[in-house]
Amino acid sequence: MIVTERLTIGGRAFVKTYSDEGYMVERDGVRYSEAIDPAEFDRQYTETDEPIEKEELIEE
C-alpha cells in the first residue's frame, strides 16, 4: 500500500511517498524506492509489483 507522510525540512513542507510492502513506486513511467516532493506539487504515485533491491553487506 502507498504511504504518504508530511515532513518539514528547513521550514518547508514536503510529502514523502513509499510502499509499506517494500515495492517501487511509480509516477509518469519512472520508478522510485521512495519519493520526497514539495507539498505544493501534490504528486501522485502508484505502487508497482517490483520489489526494492536491497544491498547485501559482505564482510571480509
Side-chain angles (χ1 to χ4, degrees):
M1 174 171 61
I2 292 283
V3 176
T4 57
E5 298 176 1
R6 293 191 65 83
L7 309 171
T8 302
I9 302 171
R12 291 190 59 204
F14 292 87
V15 176
K16 177 180 178 181
T17 305
Y18 62 96
S19 163
D20 67 349
E21 297 290 325
Y23 293 107
M24 301 290 279
V25 295
E26 181 177 52
R27 185 180 71 84
D28 296 335
V30 180
R31 292 183 176 195
Y32 306 90
S33 57
E34 66 180 22
I36 298 177
D37 299 299
E40 64 267 18
F41 290 149
D42 192 35
R43 293 186 175 145
Q44 302 296 311
Y45 294 83
T46 57
E47 186 175 48
T48 69
D49 59 358
E50 179 183 346
I52 297 170
E53 291 185 25
K54 297 183 181 184
E55 292 184 27
E56 291 185 30
L57 296 177
I58 300 173
E59 293 186 33
E60 295 181 20

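Only this structure's heavy atoms are used, side chains among them; waters, hydrogens and symmetry mates stay out. Only a predicted model underlies this, so the values are computations on that prediction, with no experimental measurement involved.
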Legend entry - Within 6.0 Å of CD in E40, more than 12 heavy atoms from elsewhere: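 Result for CD/E40: enclosed.
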Please report, to 0.1 Å, the donor-acceptor pairs under 3.5 Å made by any side chain of residues 13-22, with sequence neighbours excluded.
from, atom 1, to, atom 2, distance (Å)
Y18, OH, E5, OE2, 2.7
S19, OG, E21, N, 3.1
S19, OG, G22, N, 3.4
S19, OG, Y23, N, 3.2
S19, OG, E47, OE2, 2.4
D20, OD1, M1, N, 2.8

Inset, instruction - Identify whether Y32 and I9 are in the same connected component of the hydrophobic contact network (ILVMFWY, side-chain heavy atoms under 4.5 Å). - result: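 No.
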Legend entry - Listed partners of E50 passing side chain to side chain donor-acceptor pair (under 3.5 Å), at least two apart: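 Counting only residues at least two positions away or on another chain, E50 forms a side chain to side chain donor-acceptor pair (under 3.5 Å) with R31.
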Inset, instruction - Mind checking the OH-CE spacing from Y45 to M24? Nearest 0.5 Å is all I need. - result: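 Reported to 0.5 Å precision, the distance equals 11.5 Å.
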Legend entry - Euclidean distance, T4 OG1 relative to Q44 CD, rounded to 0.5 Å: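 Rounded to the nearest 0.5 Å, the CD-OG1 separation comes out at 8.5 Å.
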